[in-house]
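The block underneath contains the structure these notes are about, expressed in structure tokens.
Throughout, residue positions are numbered sequentially from 1 according to the sequence presented. Each ligand, and each atom within it, is numbered from 1 in the order the structure gives.
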Amino acid sequence: MTTYITTPIYYVNAQPHLGHAYTTIVADTYNRFCRLRGEASRFQTGTDEHGDKIVEAAAGQGVEPQTYVDSISAQFRQTWPLLGVEYDRFIRTTDADHVNTVRHILQAVYDQGDIYFDSYSGLYCTGCERFLIERELVDGKCPDHLVAPKPITEQNYFFRMSRYQQRLIDHIEANPDFITPARYRNEVLSFLSDPLEDLCISRPTSRLSWGIPLPFDADYVTYVWFDALINYLTGAGYPDNPDYMAIWGGAEHLIAKDILKPHAIYWPTMLMAADVPLYRKLHVHGYWNVAQTKMSKSLGNVVRPADMVADFGIDTIRYFLLREMTFGLDASFSNDAIIARSNADLANDLGNLCSRALTMIVKYCDGRVPEPAEPQEIDQNLAAAAHEMVDSYCGYMADFQFHRGLQQLWGFIGEANRYIVATEPWNLAKAEDGVRLATVMYNLAESLRIIGVALQPVMPATARTILENLGVAADDPSLNTFTDTDQWGRLPVGTTISKGKNLFPRLSPPSPQGEKSSGGAGPKKKKHKGDDSHTISIGQFKAIDLRVAQVVAAERVPKSKKLLELVVDVGEKRTVVAGIGESYEPQELLGKMVVVVVNLEPATLMGVTSNGMVLAAATTGPEGVNGLSLVSPEAGAKPGDKVS
Ligand code: MSP
């Protein structure tokens, strides 16, 4: 069965923003996730182009509605590739096949007696494009648009929604996954505990002509929600394709909580009246707020997808949005939060693992995946952790708990990083233990493959780079899908590994106004050229505070051959920058005991602030420094011990 995932079709009265981007990225991720599991899927998004709102927006710009909708719809269509989104159909409610489907359904429901003509007085909210009932108002206003709805009386066509109320309640009760998360299912059931009113589904052409004419009365056009919801069926080929159930049977709608009622109440009852089976699932998420407040044009805090991508890159944005929001609840968007996640999860955890593992395989195994020997307990534990991760990752992703799925994946990335520290491949290389080294390198390559495969739905470009570096062919489903959890050991021996580029450079917070970039911003020292050997007093020497330190993290400073950024434990954690990158690989340093000058003024080197200096011994010959050796204390020294 094909899974058919849809986003709302967005109104073209505003340009695409972060909120639209989130829903569309989630749909794209889910679509890619279905394919990762080897299941067929189809993904539809599009634009909602009829109704009062659109006419108002076009008039505001002094253009015809058609000209206006063409231009904004194109902006939505052009935005999605910027976010790595690949849909199967972009539907517009002005498309000919959609107009046809809407008219077909209206006629069918009319013919069987569920549409009647009546006079109606009600409170109409233009923002919601629907009549509100008294108990939905807060202080007499629409709670979403904060304006009092207008009293309107007119003759209109009505859909006998009330007739299907009990059937809908029964369906929701019998199918606990029909509306998720559960809070929204409960909200709908609570709404349905009061009698449902019938739905006004027409607008007189004297008031609004920008809509789909009713097939049974040319003086009326279709109410925009009755028109818009049907897009989901049009996309499945209804009614012309007799096989439309092959797609429609797998329909899963994705929306935010703002449009719960039309999707959870109007739409299923419309389907019942049209004698079409109901959609499979409705997934409902919360709102993105920007820096704790609601995003709105008037507050000037609308986040545009093109700007997010220009600032942070596609995959970082996709990861952030999926990792940060608990699906169903509201979340907060800020540059600081993106930078923090990007540095910790992407540059540190994932980026470091990739660069350490690939660099070592290239260096120690001539750039080829080596043949592993008998596994030891630590190897078996790593393989078991990979199985568990694939299992729980897939479970959470299928359940729309993306943040949990990603937590599981990052848990395994941590396992793989700890595996490097525990197996100390650099010592195996020094000890010339080729068999054990080959096993450790194989296990790292296989861990990276599994991580790369899991990342495909969320970070497609990053995943592609990781898999390409491992020599995994993009069209090999046995290596780049999770059709079962039994994954370990599939990477073929002998494939060529390439080191690749740094996946995620560290991001610095934007500098406050007027301040230059941090490079060279540290205190400037006067150069004593040629007098390195000038004498100091014993007092000056004693003032130097030297401490034993243990290296707990190490990575190269981007764009520098010499500089390494180390996190050392001197009783407390500190960042120090050391110019030893030509003599040491970062991974060799993890766990190593060194000596650090801890009372130097901080200095900023290539944008990284160093709080101390690592002692290394260098010999200088006619061609310059011959190589550096770190000064290491004798065994028994503990981090923070004073060196005197
Ligand atoms: N045209 C209707 C939908 C018809 S579907 C048959 C509509 N359009 S809309 O442009 O207002 O889009 C609403 C949807 O945009 C939300 O349900 C959600 O998917 C997305 N979001 C808009 N703002 C959002 C946030 N601030 N946060 C999260 N999602 C948001 O309603």
Worksheet, complete the sentence: Quick note on ligand 1: atoms under 4.0 Å from a heavy atom of Gly19 include exactly 20 (C), 21 (N), 23 (N), 24 (C), 25 (C), 27 (N), 28 (C), 29 (N), 30 (C)
Worksheet item: Can the positive tip of Arg135 be found less than 6.0 Å from the middle of the six-membered ring of Phe191, inside 45° of the ring normal?
Response: yes
Discussion item. Would Thr23 count as a polar contact of ligand 1, with the cut-off being nitrogen or oxygen pairs under 3.5 Å?
Written reply: yes
Discussion item. Among His253, Gln44, Glu252, which residue satisfies the side chain to side chain donor-acceptor pair (under 3.5 Å) criterion with Thr6?
Written reply: His253
Worksheet item: Counting from 1, what ligand 1 atoms have a heavy atom of Asp258 closer than 4.0 Å?
Response: 13 (C), 16 (C), 17 (O)
Worksheet item: Is any N or O atom of Tyr11, backbone or side chain, closer than 3.5 Å to an N or O atom of ligand 1?
Response: yes
Worksheet item: Looking at atom 12 (O) of ligand 1, what's its closest protein heavy atom, distance included?
Response: Tyr10 CD2, 3.5 Å
Worksheet item: Is the side chain of Arg185 donor-acceptor paired with the backbone N or O of Ile172 at a distance under 3.5 Å, no angle test?
Response: yes
Discussion item. Which residue and atom name correspond to the protein heavy atom nearest atom 31 (O) of ligand 1, and how close is it?
Written reply: Ile259 CG2, 3.5 Å
Discussion item. Rounded to the nearest 0.5 Å, what separates atom CG in Leu146 from atom SG in Cys125?
Written reply: 9.5 Å
Worksheet item: What about the rings of His104 and Tyr238, do their centers lie closer together than 6.0 Å?
Response: yes
Discussion item. Within ligand 1, which atoms have a heavy atom of Asp48 less than 4.0 Å away?
Written reply: 1 (N), 2 (C), 4 (C)
Discussion item. Under 4.0 Å from a heavy atom of His263: which atoms of ligand 1 are those, numbered in the order shown and with their elements?
Written reply: 5 (S), 6 (C)
Worksheet item: Would you say Gln456's side chain and Ala461's backbone share a donor-acceptor pair under 3.5 angstrom?
Response: no
Worksheet item: Roughly how far, to the nearest 0.5 Å, is the OG1 atom of Thr7 from the NE2 atom of His283?
Response: 13.0 Å
Worksheet item: Can you list the ligand 1 atoms lying under 4.0 Å from a non-hydrogen atom of Tyr232?
Response: 5 (S), 6 (C)
Fill in: Side-chain H-bond candidate by donor/acceptor type, Glu49 with Thr93, under 3.5 Å
no
Worksheet item: Would you say Ala228 has any N or O atom under 3.5 Å from an N or O of ligand 1, going by distance alone?
Response: no
Item to complete: Using a 4.5 Å cut-off on heavy atoms from C-beta on, say whether the side chain of Thr316 contacts that of Leu346.
Response: yes
Discussion item. Check this for me: does any side-chain nitrogen of one of Asp330 and Lys257 sit under 4.0 Å from a carboxylate oxygen of the other?
Written reply: yes
Worksheet item: Any nitrogen or oxygen of Trp288, main chain or side chain, under 3.5 Å from a nitrogen or oxygen of ligand 1?
Response: yes
Discussion item. Only heavy atoms of Gly286, strictly under 4.0 Å: list the atoms of ligand 1 that pass.
Written reply: 28 (C)
Fill in: Ligand-side contact atoms (ligand 1) for residue partner Trp225, heavy atom cut-off under 4.0 Å
2 (C), 3 (C), 4 (C), 5 (S), 6 (C)
Worksheet, complete the sentence: Residue, atom and distance of the protein heavy atom nearest atom 23 (N) of ligand 1 read His17 CE1, 3.3 Å
Worksheet item: Between Asp70 and Arg92, is there a salt bridge with N-O shorter than 4.0 Å?
Response: yes
Discussion item. Please compare Ile9, Asp330, Ile54 and report which has the shortest non-hydrogen distance to atom 2 (C) of ligand 1.
Written reply: Ile9
Discussion item. What I want to know is whether Ile255 and ligand 1 share at least one N or O pair that is separated by under 3.5 angstrom.
Written reply: no
Practice prompt. Determine yes or no for a side-chain-to-main-chain donor-acceptor pair under 3.5 angstrom, with Arg203 supplying the side chain and Ser209 the backbone.
Written response: no
Practice prompt. Answer yes or no: does an N/O atom from Tyr287 fall short of 3.5 Å to an N/O atom of ligand 1?
Written response: no
Worksheet item: Between Leu18 and ligand 1, which residue portion shows a heavy-atom distance shorter than 4.0 Å: side chain, backbone, both, or neither?
Response: neither
Response to the item:
If we number the atoms of ligand 1 from 1 as shown, the ones under 4.0 Å from a heavy atom of His285 are 19 (O), 28 (C), 29 (N)
